[in-house]
Amino acid sequence: MLALLGFLTIVVFLALILTKRVSVIVSLILVPVVFALIGGFWGEMGGFMLDGVISVVPTGIMLGFAILYFGVMNNAGLFDPLISRVLRAVKGDPLKVVVGTAVIAMLAHLDGSGASTFLITIPALLPLYIKLGISRIVLAGIVALGAGVMNLMPWGGPTARAASALELDASAIFNPVIPAMIAGIIWVLLVSYWIGRKERKRLGIADVEYDFHAELSDEDKAMRRPKLFWFNLLLTIITIVALVKIWLPLPIIFMLAFAIAVIINYPKPEDQMEQVRTQAVGMITVVSIIFAAGVFTGILSGTGMITEMANALVSIIPDEVGGMMGVIVALIGMPLSLLFTPDAFYFGVLPIISETAAAYGVAPASMGSAAILGQMTTGFPLSPLTASTFLLIGLAGVELADHQKFVFKWAFGTTIVMTIVAVITGVII
């Protein structure tokens, strides 16, 4: 009975969000409540929900303050000198331009937001691509590859969702895949070199100078703090090291980093609050989903639905397949980005898969690490289920089908490379 209720919960949840009948937040809260009531958990349901919300509080805080911190860094112009130097170095060489695009995209995606990455990179680089005659498809594809591999960061959507769904700390999922992520970054740079070499052969090298700052709006320029570049860079490096080394709990690190960053860059209280307001929409949306997900996982776990669903799946999965579920999830995660939204996969599918894999000795953290190697990381910038994909192709002026056709094999290649390294390092089996 519990297994059936659990599967019905998942099916209705997926159906509602994939057909866009209701919002993700409403689905995460109301669907499990309805089926918990049907199952007779009237008295205990409130406790299950509260336990679930409490379990995701650290992740929600971390994600919220990460968005605020990197928003301040972007507005203060931390990435501007790096972008400008890259553009000066590439000049009119298509090969260098394409490789430089990958570098800029990866730097811009340090904030974990696809929308902000595309808003930074595409408008800044598109005029240069037009001047040199480099294909817009290449611009959109390379930016997508760079953003995809960087979307594994613990404050990015997939890792935060995986941590919430499995009730784990984000570092437990992310830190083990750092070697795999490094391999993915190298792969993206190699792919960029290969594509850039083809563009250089087709177009040749032109004599072009390009001014990045000329593309900034007056509002953007007013928020820039070029004199604080070295301070902001040092603070960001220390923050990232502290996150990896876990010197403090991840939420506390970002809270401290944001407070230091905003008071140094914007001493006036009204300017500090304006920085918060500029990031408010994105922050509230993401954090609300995380807390709603706590209700969803809290009910599924507390009622025992997840355990019973996993037991049902274990009874039909061959033993030789069960032990390889980590590898399977890693490899199919990227293609599944075309079918499942991140919320549908991480909150609806991953907990069941993880509980099933546990019966074969695969730890939940390992399954979480496997999932983020492709599902809405390398796969998000070409998925028709994410709004940022349409922002990317809209800014670049390309068609979705052409974009997917160009970038799919390279994005899937990134996942394959990272999966191989994750297997070699023992992260997944």
Practice task
Compare every heavy atom of Val407 with every heavy atom of Gly141, then report the nearest pair and how far apart it is.
Solution key: O-CG2, 3.6 Å
Practice task
May I ask you to test the Val398-Phe406 pair for a side-chain heavy-atom distance under 4.5 Å?
Solution key: no
Problem - Pairwise side-chain contact, Val362 with Met367, heavy-atom cut-off 4.5 Å (strictly under) - result: yes
Handout entry: Contact check, side chains of Met325 and Ile353, non-hydrogen atoms, under 4.5 Å
Key = yes
Problem - Considering all heavy atoms, the nearest Leu331-Thr415 contact - result: CA-CG2, 4.4 Å
Handout entry: Heavy-atom check, side chain of Arg136 versus side chain of Tyr129, under 4.5 Å
Key = no
Handout entry: Met153 and Thr159: CA distance, side-chain angles, deciding distance, side-chain contact (heavy atoms from CB on, under 4.5 Å) verdict
Key = CA-CA 7 Å; Met153 301 299 280; Thr159 303; over 6 Å; no
Handout entry: Atom pair CD (Glu355) and CE (Met305), whose distance is rounded to the nearest 0.5 Å
Key = 14.0 Å
Exercise for the section: Just say parallel, tilted or perpendicular for the rings of Phe118 and Phe380, cut-offs at 30° and 60°. Expected result: parallel
Exercise for the section: Please check if the side chain of Gln272 supplies one atom and the backbone of Tyr266 the other of a donor-acceptor pair under 3.5 Å. Expected result: yes
Handout entry: Set of ring-ring contact (aromatic ring centres under 6.0 Å, His included) partners for Phe296, sequence neighbours left out
Key = Phe13
Handout entry: Contact check, side chains of Val143 and Pro381, non-hydrogen atoms, under 4.5 Å
Key = no
Practice task
Show your reasoning for whether side-chain contact (heavy atoms from CB on, under 4.5 Å) applies to Tyr69 and Thr236.
Solution key: CA-CA 9 Å; Tyr69 176 77; Thr236 300; 2.8 Å; yes
Practice task
Spell out, as yes or no, whether a donor-acceptor pair under 3.5 Å connects the side chain of Ser369 to the backbone of Val177.
Solution key: no
Exercise for the section: Could you tell me which non-hydrogen atom of Ser27 sits nearest to which non-hydrogen atom of Pro32, and how far apart they are? Expected result: O-CD, 3.5 Å
Exercise for the section: Mind checking the OG1-CE spacing from Thr378 to Met334? Nearest 0.5 Å is all I need. Expected result: 5.5 Å
Completion exercise
Across all chains, not counting sequence neighbours, the side-chain hydrogen bond (donor to acceptor under 3.5 Å, both in side chains) partners of Arg200 are Asp93
Problem - Side-chain donor or acceptor of Tyr346 paired with backbone N/O of Ser164 under 3.5 Å - result: no
Handout entry: From CG (Leu166) to CD1 (Ile173), nearest 0.5 Å
Key = 5.5 Å
Practice task
Mind listing the closest non-hydrogen atom pair of Met376 and Pro158 along with its distance?
Solution key: O-CG, 3.1 Å
Problem - Side-chain donor or acceptor of Thr101 paired with backbone N/O of Ile142 under 3.5 Å - result: no
Exercise for the section: Keeping the roles fixed (side chain from Thr414, backbone from Gly184), state whether a donor-acceptor pair exists under 3.5 Å. Expected result: no
Handout entry: Lys227, NZ: over 12 other non-hydrogen atoms inside 6.0 angstrom
Key = no
Practice task
May I ask you to check whether over 12 heavy atoms, not counting those of Glu274, lie within 6.0 Å of atom CD?
Solution key: yes
Handout entry: Nearest heavy-atom neighbours spanning Leu189 and Met106
Key = CD2-CE, 3.7 Å
Practice task
Please confirm whether the backbone N or O of Thr117 pairs with a side-chain atom of Thr121, one donor and one acceptor, at under 3.5 Å?
Solution key: yes
Practice task
Taking Asn265 for its side chain and Ala261 for its backbone only, find out whether a donor-acceptor pair lies under 3.5 Å.
Solution key: yes
Problem - Nearest-0.5 Å distance that lies between atom NE2 in His109 and atom CD1 in Ile104 - result: 15.5 Å
Exercise for the section: To the nearest 0.5 Å, tell me how far Ile428 CD1 sits from Leu373 CG. Expected result: 5.5 Å
Exercise for the section: List the atom of Pro251, the atom of Ile61, and the distance in Å for their closest heavy-atom pair. Expected result: CB-CG2, 3.6 Å
Handout entry: pair Val241-Trp247: side-chain heavy atoms closer than 4.5 Å
Key = yes
Practice task
Indicate yes or no for a side-chain donor-acceptor contact from Ser354 to the backbone of Leu350 under 3.5 Å, with no hydrogens or angles considered.
Solution key: no
Problem - Test item: Leu233 and Trp230 side chains (from C-beta on) under 4.5 Å apart, heavy atoms - result: yes
Practice task
Would you check if Leu256 and Leu248 make a side-chain contact, meaning some heavy-atom pair closer than 4.5 Å?
Solution key: yes
Handout entry: Worked verdict on Phe258 versus Val276 for side-chain contact (heavy atoms from CB on, under 4.5 Å)
Key = CA-CA 10 Å; Phe258 165 72; Val276 174; 3.9 Å; yes
Handout entry: Exam field: side chain Thr377 to backbone Gly148, donor-acceptor pair closer than 3.5 Å
Key = no
Practice task
Answer yes or no: are there more than 12 heavy-atom neighbours, outside Arg202 itself, under 6.0 Å from its atom CZ?
Solution key: yes
Handout entry: Distance in Å, Leu30 CG paired with Ile25 CD1, rounded so as to fall on 0.5 Å steps
Key = 11.5 Å
Practice task
Output yes when a side-chain donor or acceptor of Trp187 lies under 3.5 Å from a complementary backbone atom of Trp410, and no otherwise.
Solution key: yes
Exercise for the section: Please lay out, stage by stage, how Val149 and Leu145 fare under the test side-chain contact (heavy atoms from CB on, under 4.5 Å). Expected result: CA-CA 6 Å; Val149 71; Leu145 291 174; over 6 Å; no
